[in-house]
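As the structure lists them, so they are numbered: ligands from 1, and atoms in each ligand from 1.
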Amino acid sequence: MEGIVTGSIDYTTFSENNATKINVLGTEYLIFKGISAEENEYLKDCDGYCDFYARKIVLGNFTKENGYEHGDLEYYERKVLRHEIIHAFLHESGLHDLAIDEKIVEWIAIQFPKINQMFEELEIQK
Ligand SMILES: [Zn+2]
């Protein structure tokens, strides 16, 4: 489950040293991984979220100790991150309605690798 943040969250306790910077259509976002629900209350209700206003993507701490039963937790983290990055791209494109549409975001996140693979096979990716 993933979420979107519409309010302001306090990130002052987050160390940017552990963050990954990404450039989303000219706007810098920071990705934070392995954040517990104790560190960030918002993660009690979701496994990750994209904060358009603070320009941050925050992923939960996907460990068995935290109750995650998925077989491949690294795969699960990548899956959640792909989803949150799609949220950011749609938002930074100005497509604000689509950026909060979980159905289209998840569709793109799932289908994009398949579309990209086809583009590569056909050598039409650029
Ligand atoms: Zn989402």
Side-chain angles (χ1 to χ4, degrees):
M1 181 181 157
E2 300 86 14
I4 306 160
V5 170
T6 55
S8 63
I9 288 180
D10 180 12
Y11 291 103
T12 53
T13 59
F14 283 40
S15 169
E16 296 198 358
N17 295 332
N18 300 326
T20 302
K21 284 182 187 165
I22 58 170
N23 183 324
V24 181
L25 302 174
T27 299
E28 186 177 281
Y29 276 65
L30 290 176
I31 299 170
F32 294 92
K33 294 180 181 178
I35 305 297
S36 68
E38 289 73 40
E39 288 173 276
N40 186 328
E41 198 173 331
Y42 198 81
L43 291 169
K44 285 176 182 163
D45 299 320
C46 63
D47 290 341
Y49 65 84
C50 181
D51 185 337
F52 303 134
Y53 302 95
R55 295 178 174 129
K56 291 179 173 53
I57 289 172
V58 181
L59 304 182
N61 192 15
F62 307 132
T63 61
K64 288 196 167 43
E65 295 72 37
N66 283 337
Y68 286 92
E69 300 296 331
H70 303 78
D72 185 343
L73 293 171
E74 290 178 8
Y75 170 81
Y76 184 66
E77 183 180 74
R78 295 195 301 272
K79 180 176 181 286
V80 176
L81 182 54
R82 283 195 293 273
H83 176 102
E84 302 309 334
I85 288 172
I86 300 297
H87 273 299
F89 266 85
L90 287 168
H91 181 79
E92 297 304 328
S93 298
L95 300 170
H96 299 141
D97 289 348
L98 294 179
I100 58 170
D101 183 335
E102 292 298 334
K103 194 172 178 182
I104 194 69
V105 168
E106 187 61 7
W107 185 88
I108 295 171
I110 290 171
Q111 301 304 335
F112 175 81
K114 299 173 194 172
I115 296 169
N116 191 48
Q117 184 180 350
M118 184 178 292
F119 285 0
E120 285 178 2
E121 286 169 8
L122 296 172
E123 297 182 357
I124 59 169
Q125 70 272 39
K126 287 182 185 168

Under 2.8 Å from the Zn ion (ligand 1), can any N, O or S atom of Glu102 be found?
yes
Could you tell me whether any N, O or S atom belonging to His87 is less than 2.8 Å from the Zn ion (ligand 1)?
yes
Do Glu84 and Lys56 sit within salt-bridge range, that is, some charged N less than 4.0 Å from a carboxylate O?
no
Within less than 2.8 Å of the Zn ion (ligand 1), any N, O or S from Cys46?
no
Leu90 with Val80, same ILVMFWY side-chain cluster at under 4.5 Å
no
Could you see if Leu98 belongs to whatever hydrophobic cluster contains Phe112? Use Ile, Leu, Val, Met, Phe, Trp, Tyr and a side-chain cutoff under 4.5 Å.
yes
Measure from the side-chain N and O atoms of His91 to the backbone N and O of His96, and report whether any donor-acceptor pair falls under 3.5 Å.
no
